[in-house]
Peer 1: 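Before I ask anything, here is the structure I am working with.
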Amino acid sequence: MTAGRDDNLERLRGIARRVMRERDLLPEFTAEARAQAAALAGPARSRDPSVVDLRDRPWASIDNDDSLDLDQLSVANLLADGAVQVLVAIADVDAAVPKNSAIDRHAAHNTTSVYTAAQVFPMLPERLSTNLTSLAQDQDRLSIVVDMTVDPQGVVRQSRLYRAQVRNRAKLAYDGVAAWLEGTGAVPAPVAGVHGMAEQLRLQERVAAVLKQLRQTHGALSLETCEARPVFEAGLLSDLAPDAPNRAKELIEDFMIAANTATARYLDGRHLPSLRRVLREPERWSRIAAVAASLGSRLPDAPSAPQLNAFLLRRRQQDPAGFGDLSLTIVKLLGRGEYVLERPGTRDPGHFGLAINGYTHSTAPNRRFPDLITQRLVKAAFADAPAPYADPELAALAAHCTRQEDNAAKVERFLRKSAAALLLAGRVGRRFDGIVTGASAKGTWAMI
């Protein structure tokens, strides 16, 4: 295939915009939304005396190397009794994006940022998501803090939420932090540059590990899927690199799960409705059991997260090379998560994969609209005010967010396939070693 240096990237961008529109996602902001973003004088400020000043804490963000839309920071403090105080600060996006404003209407339509192989289609204008509402390094920002006390066994024995001003001391990247934590890389420069940051991250990793261990004893599933990330060189697609799990990603994931659970519990305690993230018991459990049986294991007739996780842990030990493919098969059979309205006094269906009842999305308001909704509900609780959304409106938003999240996932998957096709178009006729990962009437799937 002959192509100019920018042809691959531009071609993928054109495909992305077309598929976005086909999936009822808006690839561009309205003129009104752009004008609203341009009119903002700077990041939101507050003179509310209830806003706690926590700028002196050694906060840090850990995200992808190129991420600028930073939603959360974390910090930990070892207590005298061996428990650890974990603070997660979440960007106060609502302070800059009023409900029903032009920017909010765009966010409410798309409901999520869409991360394609060609480009990112942000939920909020980049002047906000990567600047004014991002918890950027060395910038003072308003936030909602989830303050949790975690005992040595991983139990969150108490939690509270409040508004705070924070300052990111170190913008860190998953791969660099993970290599250092695993002993395969040097200490990242931003870690070395902040006094006590290395010890801070070691403490956070230790707490995250006990949080995960406790969840797994309750049946949280140990799954390990890996996506391919396109690599461009001057606009030319040169490779698809694996984007594998690592210890830094797991640290953030464990803290976010704890913060989201604490937020759901807070709204429950204030008798306010909320959007819950649920994954129902799998309807295709018999097929999951058949997969286990084909590998010499027996699962019970009724869905059981602890039994499924025990099977997964055994297979990870027995066949680490094939565990990613097995995880992908199980993920597909589990089905997709969804958002549902939780009214005070009712009980949501729970999250089968996390083995949790009472779980919301609250930690990424720059990237997900359900998190911005949750933030507004939390701030209503702070003010002892009524919920800013009526129950019918929340129920409709839950269904819409679920639908648009599914559309965004399909766009992202289509672009990954398009990138793979572009990369392999010039290699027709070549032979590759591969592993057959599936077969049906539609065709045969192989990983090369």
Peer 1: Measure from the side-chain N and O atoms of Thr111 to the backbone N and O of Phe369, and report whether any donor-acceptor pair falls under 3.5 Å.
Peer 2: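 No; zero donor-acceptor contacts below 3.5 Å.
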Peer 1: Ion pair present between Arg160 and Asp147, side-chain N to carboxylate O less than 4.0 angstrom?
Peer 2: yes
Peer 1: Given Pro58, which of Val75, Leu201, Leu73 fulfils the side-chain contact (heavy atoms from CB on, under 4.5 Å) condition?
Peer 2: Val75
Peer 1: Is there side-chain contact between Asn260 and His361, with at least one heavy-atom pair below 4.5 Å?
Peer 2: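 Yes; the side chains approach each other to less than 4.5 Å.
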Peer 1: Can you find a pair of side-chain heavy atoms, one from Val207 and one from Asp254, that are under 4.5 Å apart?
Peer 2: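 In short, these two side chains do not touch, never coming nearer than 4.5 Å.
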Peer 1: Donor-acceptor pair, Glu342 side chain versus Asp348 backbone, under 3.5 Å?
Peer 2: yes
Peer 1: Look at atom NZ of Lys417 and say whether more than 12 heavy atoms of other residues, nucleotides or ligands are closer to it than 6.0 Å.
Peer 2: no
Peer 1: Assess the residue pair Arg215 and Lys212 against the criterion (side chain to side chain contact (heavy atoms under 4.5 Å, CB included)); give the C-alpha distance rounded to whole Å, side-chain angles, the decisive distance to 0.1 Å, and a yes or no.
Peer 2: CA-CA 5 Å; Arg215 285 202 323 275; Lys212 179 186 289 291; 4.1 Å; yes
Peer 1: List the steps, then state whether side chain to side chain contact (heavy atoms under 4.5 Å, CB included) holds for Leu70 with Asn366.
Peer 2: CA-CA 8 Å; Leu70 305 179; Asn366 275 309; over 6 Å; no
Peer 1: Using only atom types and a distance under 3.5 Å, with no angle test, would you say the side chain of Ser327 pairs donor to acceptor with the backbone of Leu223?
Peer 2: no
Peer 1: Do Asn77 side-chain atoms and Leu79 backbone N/O form a donor-acceptor pair below 3.5 Å?
Peer 2: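 Checked: no pair found.
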Peer 1: Does the side chain of Asp69 come under 3.5 Å of the side chain of Ser134 through a donor N or O and an acceptor N or O?
Peer 2: no
Peer 1: When you check the gap from the basic side-chain N to the acidic O, do Arg376 and Glu393 get nearer than 4.0 Å?
Peer 2: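 Looking at Arg376 and Glu393, the cut-off is not met.
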Peer 1: Judged by atom type as modelled, is there a donor-acceptor pair below 3.5 Å linking the side chain of Gln375 to the main-chain atoms of Pro365?
Peer 2: no
Peer 1: Just how far is it from atom CG of Leu161 to atom CE of Met148, taken to the nearest 0.5 Å?
Peer 2: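 If I round to the nearest 0.5 Å, the distance is 9.0 Å.
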Peer 1: Could you measure the distance from the CD1 atom of Ile62 to the NZ atom of Lys249? Nearest 0.5 Å is fine.
Peer 2: 12.0 Å
Peer 1: Would Arg280 and Glu338 pass as an ion pair if we require N to O under 4.0 Å?
Peer 2: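 Counted as a salt bridge, because a side-chain N and a carboxylate O are separated by less than 4.0 Å.
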Peer 1: Once you round to the nearest 0.5 Å, how far does CD1 of Ile288 lie from NZ of Lys332?
Peer 2: 13.5 Å
Peer 1: Enter the distance from Asp151:CG to Gln158:CD here, rounded to the nearest 0.5 Å.
Peer 2: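 Asp151 atom CG to Gln158 atom CD measures 11.0 Å (nearest 0.5 Å).
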Peer 1: With side chains defined as the heavy atoms from C-beta onward, is the minimum distance between Leu211 and Phe255 less than 4.5 Å?
Peer 2: yes
Peer 1: How long is the straight-line distance from OH of Tyr162 back to OH of Tyr266, given to the nearest 0.5 Å?
Peer 2: 12.5 Å
Peer 1: Does the pair Asp384/Arg270 count as a salt bridge with the N-to-O cut at 4.0 Å?
Peer 2: yes
Peer 1: State whether the side chain of Asp371 and the backbone N or O of Ser362 hold a donor-acceptor pair below 3.5 Å, judged by distance alone.
Peer 2: yes
Peer 1: Let me check something: any side-chain donor-acceptor pairs from residues 290-308 under 3.5 Å, sequence neighbours excluded? List them with distances.
Peer 2:
unit_1: Ser294; atom_1: OG; unit_2: Val291; atom_2: O; d: 2.6
unit_1: Ser297; atom_1: OG; unit_2: Arg314; atom_2: NH2; d: 3.4
unit_1: Ser304; atom_1: OG; unit_2: Gln307; atom_2: N; d: 3.2

Peer 1: Where is the tightest heavy-atom contact between Asp71 and Arg367, given as atom of each residue plus distance?
Peer 2: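 Taking Asp71 first and Arg367 second, the nearest heavy atoms are OD2-NE, 2.7 Å.
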Peer 1: Work out which heavy atom in Ile103 is nearest to a heavy atom in Ala37; give both atom names and the distance.
Peer 2: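 Heavy atoms of Ile103 and Ala37 come nearest at CD1-N, 3.9 Å.
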Peer 1: Evaluate side chain to side chain contact (heavy atoms under 4.5 Å, CB included) for Leu54 paired with Leu87, printing each intermediate quantity in order.
Peer 2: CA-CA 10 Å; Leu54 297 179; Leu87 279 67; 4.0 Å; yes
Peer 1: Which heavy atom of Ala95 sits nearest a heavy atom of Leu142, and at what distance?
Peer 2: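 Taking Ala95 first and Leu142 second, the nearest heavy atoms are CB-CD1, 4.5 Å.
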Peer 1: Under a 4.5 Å cut-off applied to non-hydrogen side-chain atoms, are Leu341 and Pro273 in contact?
Peer 2: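 Leu341 reaches Pro273 side chain to side chain.
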Peer 1: Determine whether Leu377 and Leu275 make a side-chain contact, defined as any pair of heavy atoms from C-beta on separated by less than 4.5 Å.
Peer 2: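 Heavy-atom side-chain distance check fails, nothing below 4.5 Å.
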Peer 1: Would you name the heavy atoms of Gly176 and Pro188 that are closest together and state the gap between them?
Peer 2: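 Nearest heavy atoms, Gly176 then Pro188: O-CG, 3.7 Å.
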Peer 1: Which heavy-atom pair separates Ala118 from Leu9 by the least distance, and what is that distance?
Peer 2: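 That closest heavy-atom pairing would be O-CD1, 3.5 Å.
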Peer 1: Any side-chain heavy atom of Leu354 sitting closer than 4.5 Å to one from Thr261?
Peer 2: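 With C-beta onward as the side chain, the pair stays apart.
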Peer 1: Any donor and acceptor pair, going by atom type alone, linking the side chain of Asn309 with main-chain N or O of Gly219 inside 3.5 Å?
Peer 2: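 No.
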Peer 1: Rounded to the nearest 0.5 Å, what separates atom CG in Asp140 from atom CG in Asn168?
Peer 2: 11.0 Å
Peer 1: State, without any angle test, whether Gln404 and Thr112 hold a side-chain donor-acceptor pair at a distance under 3.5 Å.
Peer 2: no
Peer 1: Check Gly353 against Leu279 and note the closest heavy-atom contact, atom names and distance.
Peer 2: N-CD2, 3.7 Å
Peer 1: Could you check if a side-chain atom of Arg167 sits within less than 4.5 angstrom of a side-chain atom of Asp138, using non-hydrogen atoms only?
Peer 2: yes
Peer 1: In the structure I gave you, are the side-chain heavy atoms of Arg277 and Tyr339 within less than 4.5 Å of one another anywhere?
Peer 2: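 Sidechains of Tyr339 and Arg277: in contact.
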Peer 1: Sequence neighbours left out, cut at 3.5 Å: what donor-acceptor pairs do the side chains of residues 394-401 make with other protein atoms?
Peer 2:
unit_1: His400; atom_1: ND1; unit_2: Arg403; atom_2: NH2; d: 3.3
unit_1: His400; atom_1: NE2; unit_2: Ala108; atom_2: O; d: 3.0
unit_1: His400; atom_1: NE2; unit_2: His109; atom_2: O; d: 2.9

Peer 1: Got a sec: does the CZ of Arg347 have more than 12 other heavy atoms crowding it under 6.0 Å?
Peer 2: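 Count not over threshold, so no.
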Peer 1: Counting N and O atoms only, with roles assigned by atom type, does the side chain of Thr130 sit under 3.5 Å from a partner on the main chain of Glu126, one being a donor and the other an acceptor?
Peer 2: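 Pair found, side chain donor or acceptor close to backbone of Glu126.
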Peer 1: Can you list the steps and then say if Leu135 with Ser61 is a side chain to side chain contact (heavy atoms under 4.5 Å, CB included)?
Peer 2: CA-CA 8 Å; Leu135 299 179; Ser61 61; over 6 Å; no
Peer 1: For atom CD of Gln318, is the number of surrounding heavy atoms from other residues, nucleotides or ligands below 6.0 Å larger than 12?
Peer 2: yes
Peer 1: Sub-3.5 Å donor-acceptor pair from the side chain of Asn110 to the main-chain atoms of Leu26, do we have one?
Peer 2: yes
Peer 1: Quick one: does any side-chain atom of Gln36 pair with a main-chain N or O of Ala102 as donor and acceptor, under 3.5 Å?
Peer 2: yes
Peer 1: Could you tell me whether Lys379 and Asp48 make a salt bridge, using a distance below 4.0 angstrom between a side-chain N and a carboxylate O?
Peer 2: no
Peer 1: Can you list every side-chain hydrogen bond (donor to acceptor under 3.5 Å, both in side chains) pair that touches residues 169-197, not counting sequence neighbours?
Peer 2: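 For residues 169-197, and leaving out neighbouring residues, the side-chain hydrogen bond (donor to acceptor under 3.5 Å, both in side chains) pairs sorted by first residue read Asp175-Asn246.
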